[in-house]
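All remarks here apply to the structure that follows.
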Amino acid sequence: MNGIPLDGTALRHAFAHIPAGVVAICAEAGGERMGMAASSFVPVSLDPPLVAFCVQNTSSTWPQLAALPRLGISVLSADHAIAARSLAAKSGDRFADVDTRTHDGGAVFIEGCGIHLDVTVEQELPAGDHRIVLMRVHAAHSAGEPDTPIEPIVFHRSMFRTLVA
């Protein structure tokens, strides 16, 4: 097996082959919704309840979100391709054609998702050109019935995709 060169382009291509779920991380402050999509989300701990995601150091959205008291994490479903693309955009109205609701404290959730998590930032750890953001879960709300699960959207090979049974 040939090794790949350790440059950014080759690694980005290699990492693109790892499928990942997609979440929306959103909040509202002063009547303005803000949010971003992330495909590096992972559950971390049950006790205490912790989750994490990675964000580029160059993100202009993350510093605004990180400063807020509560954030909403919505695990996007197969029906959220438009929301995933809108929230991943660098500019424009990220919430165009995206149904949301805001909870007390400012956490914003995308409607129709399988799970919503109300979180606060616990810690940020430097990780090269990214930061690992550790968040404490204060509440979890699930939708759908156990026998009719909401199917996730997946980011794979630089595209949003759905799973096929």
Can you tell if the side chain of [X] reaches within under 4.5 Å of the side chain of [Y], non-hydrogen atoms only?
{"X": "Arg33", "Y": "Arg94", "answer": "no"}
{"X": "His80", "Y": "Cys113", "answer": "yes"}
{"X": "Ser86", "Y": "Asp97", "answer": "no"}
{"X": "Ile73", "Y": "Phe41", "answer": "yes"}

**OP:** Please check if the side chain of Asn57 supplies one atom and the backbone of Gly128 the other of a donor-acceptor pair under 3.5 Å.
**Re:** yes
Original post:
Where do Leu71 and Leu65 land on the side-chain contact (heavy atoms from CB on, under 4.5 Å) test, with the steps shown first?
Top reply: CA-CA 7 Å; Leu71 303 175; Leu65 286 167; 4.0 Å; yes
Subject >> Non-hydrogen atoms of Ile132 and Cys54 that approach each other most closely >> reply: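 Heavy atoms of Ile132 and Cys54 come nearest at CG1-SG, 4.0 Å.
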Original post:
Angle class for the Phe109/His116 ring planes (parallel below 30°, perpendicular above 60°, tilted otherwise)?
Top reply: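 Geometry flag for His116 against Phe109: tilted rings.
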**OP:** Would you kindly say whether His103 and Arg101 are connected by a side-chain donor-acceptor distance under 3.5 Å?
**Re:**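 There is such a pair between these side chains.
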**OP:** Quickly, which of Leu87, Val108, Leu68 forms a side chain to side chain contact (heavy atoms under 4.5 Å, CB included) with Met34? Name it, please.
**Re:**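 The side chain to side chain contact (heavy atoms under 4.5 Å, CB included) with Met34 is passed solely by Leu68 among Leu87, Val108, Leu68.
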Original post:
Got more than 12 heavy atoms from elsewhere within 6.0 Å of CG, Asp93?
Top reply: yes
Original post:
What do you reckon, is CD1 of Ile82 surrounded by more than 12 foreign heavy atoms closer than 6.0 Å?
Top reply: no
